[in-house]
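These notes concern the structure reproduced below.
One-based numbering along the sequence shown. Just so it is clear, the values below take in all heavy atoms, side chains as well, and ignore hydrogens, waters and symmetry mates. Because the structure is a prediction, the values reported are computed rather than measured.
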Amino acid sequence: MSRVFLSGSIRGGRRLVETYRLMADVMLSAGVEVLSEHVARETVFDDERGMSEQEIFMRDVGGIQQCDCLVAEVSVHSIGVGYEICYAVGLEKPVLCVYERDSNVSAMVLGNEGVVVQSYTDPDELRQIVQGFVGSVESGGHVSKKVENTG
C-alpha cells in the first residue's frame, strides 16, 4: 500500500476543504494510506488546538519523510503548502500539484520541473488526475516532469 501526504491550505484559507476531502476519498478508495488526512477535515483547527507549532511542524515533516509521494492542491496560496512541496522535492519524492484552471498559481510551482503540475476544471477531472498519479507511483512509472493541461 502506498502512503501519500496530502497537502492543502489550512491557515492560508479553507475555501477548498471539500476538494481536499474529495482528493483524500479518491486515494482512500484506491487503498492508499493518506498520512495527512487532517488537511481534509472541517475540524482541523479544533484538532490542532492542543498542539504547539513545533508539534505540527514535526508531524507534517515526519509525514513527508514517510510518504511515497506528495499530492498538493495549490489553488489557494499557502506558505505551508509551498514548504511541504519543496521539502518533498528535496527528499526526491514524487510530487503532484493540482490547481483549478485559471487560478493564479505561483511560478515557483509552475516552473519547477521536479513536480508534476496539472490543472482541472471539475471534480471528475481532478479524480482522474489524482488516481492516475497515485497509480503511476504505485506501479513505479512516475513521470518526474511537468505536465500541463491545454484544454
Side-chain angles (χ1 to χ4, degrees), residues 1-45 47 56 59-151:
M1 173 192 317
S2 290
R3 294 168 299 176
V4 178
F5 189 92
L6 173 62
S7 183
S9 176
I10 295 177
R11 294 185 183 179
R14 299 295 288 160
R15 176 177 69 84
L16 294 178
V17 69
E18 291 180 27
T19 300
Y20 308 152
R21 181 78 253 156
L22 169 73
M23 294 168 68
D25 288 346
V26 165
M27 291 184 274
L28 291 167
S29 67
V32 171
E33 181 181 359
V34 180
L35 299 176
S36 55
E37 198 174 345
H38 63 276
V39 170
R41 289 191 198 118
E42 297 264 351
T43 60
V44 68
F45 292 114
D47 298 345
I56 293 169
R59 176 200 60 200
D60 292 352
V61 165
I64 296 168
Q65 290 170 347
Q66 295 174 25
C67 75
D68 297 307
C69 66
L70 182 139
V71 175
E73 209 307 339
V74 296
S75 300
V76 175
H77 294 230
S78 168
I79 293 171
V81 171
Y83 186 97
E84 290 166 351
I85 292 166
C86 185
Y87 190 72
V89 168
L91 294 175
E92 299 182 357
K93 305 279 184 171
V95 175
L96 169 66
C97 294
V98 295
Y99 64 95
E100 297 171 313
R101 188 162 291 134
D102 299 325
S103 292
N104 185 19
V105 178
S106 171
M108 295 301 289
V109 171
L110 296 175
N112 187 334
E113 293 183 5
V115 302
V116 176
V117 180
Q118 191 88 36
S119 66
Y120 64 92
T121 56
D122 58 57
D124 289 331
E125 187 175 16
L126 177 59
R127 183 178 289 108
Q128 291 174 0
I129 293 166
V130 171
Q131 286 173 335
F133 180 81
V134 171
S136 71
V137 169
E138 284 190 311
S139 68
H142 167 68
V143 178
S144 63
K145 64 178 182 127
K146 181 173 158 182
V147 177
E148 290 187 65
N149 275 350
T150 57

For a 4.5 angstrom cut-off between non-hydrogen side-chain atoms, does N112 reach M108?
no
Report the residues that fulfil side-chain hydrogen bond (donor to acceptor under 3.5 Å, both in side chains) with R127, sequence neighbours left out, ordered by chain and then residue number.
D124
Would you give the length of the straight line joining atom OG of S119 to atom CD1 of I129, rounded to the nearest 0.5 angstrom?
6.5 Å
Nearest heavy-atom pair of V34 and A24: which atoms, and what distance?
CG2-O, 4.1 Å
Run the side chain to side chain contact (heavy atoms under 4.5 Å, CB included) test on C69 and V4 for me, step by step, so that the C-alpha distance in whole Å, both residues' side-chain angles and the decisive distance to 0.1 Å come before the verdict.
CA-CA 5 Å; C69 66; V4 178; 3.6 Å; yes
Locate the shortest heavy-atom distance separating R11 from F45; write the atom from each residue and the value.
CG-CE2, 4.2 Å
Which value, rounded to the nearest 0.5 Å, describes the distance between L91 atom CG and Q66 atom CD?
12.0 Å
V17 to A40 - nearest heavy-atom pair and separation
CG2-O, 3.9 Å
How close do Y20 and L6 get, heavy atom to heavy atom, and via which atoms?
O-CD2, 3.7 Å
R21/E37 salt bridge by N-O under 4.0 Å criterion:
yes
Distance-minimising heavy-atom pair for E73 and Y99
OE2-CA, 3.7 Å
Intermediate values then yes/no, side chain to side chain contact (heavy atoms under 4.5 Å, CB included), Y120 and E100:
CA-CA 5 Å; Y120 64 92; E100 297 171 313; 3.4 Å; yes
To the closest 0.5 Å, what do you measure between OG (S36) and CZ (R41)?
9.5 Å
Could you tell me if the side chain of I56 sits less than 4.5 Å from the side chain of H38, heavy atoms only?
no
Atom pairs and distances, side-chain donor-acceptor, residues 80-88, under 3.5 Å, sequence neighbours left out:
from	atom 1	to	atom 2	distance (Å)
E84	OE1	S7	OG	2.5
Y87	OH	Q65	NE2	2.7

Determine the minimum heavy-atom distance between E138 and S2, stating which atoms define it.
CG-OG, 2.6 Å
Let me confirm one number: the CG-CZ distance from D122 to R101, rounded to the nearest 0.5 Å.
9.0 Å
Chi angles and distances behind the side chain to side chain contact (heavy atoms under 4.5 Å, CB included) call for L70, K93:
CA-CA 7 Å; L70 182 139; K93 305 279 184 171; 5.6 Å; no
Do V39 and F5 have side chains that approach each other closer than 4.5 Å (heavy atoms only, starting at C-beta)?
no
Other residues, nucleotides, ligands: >12 heavy atoms within 6.0 Å of E18 CD:
no
Rounded at 0.5 Å granularity, tell me how far CD1 in I64 sits from CZ in R59.
10.5 Å
Is there a side-chain contact between R15 and S9, using heavy atoms and a 4.5 Å cut-off?
no
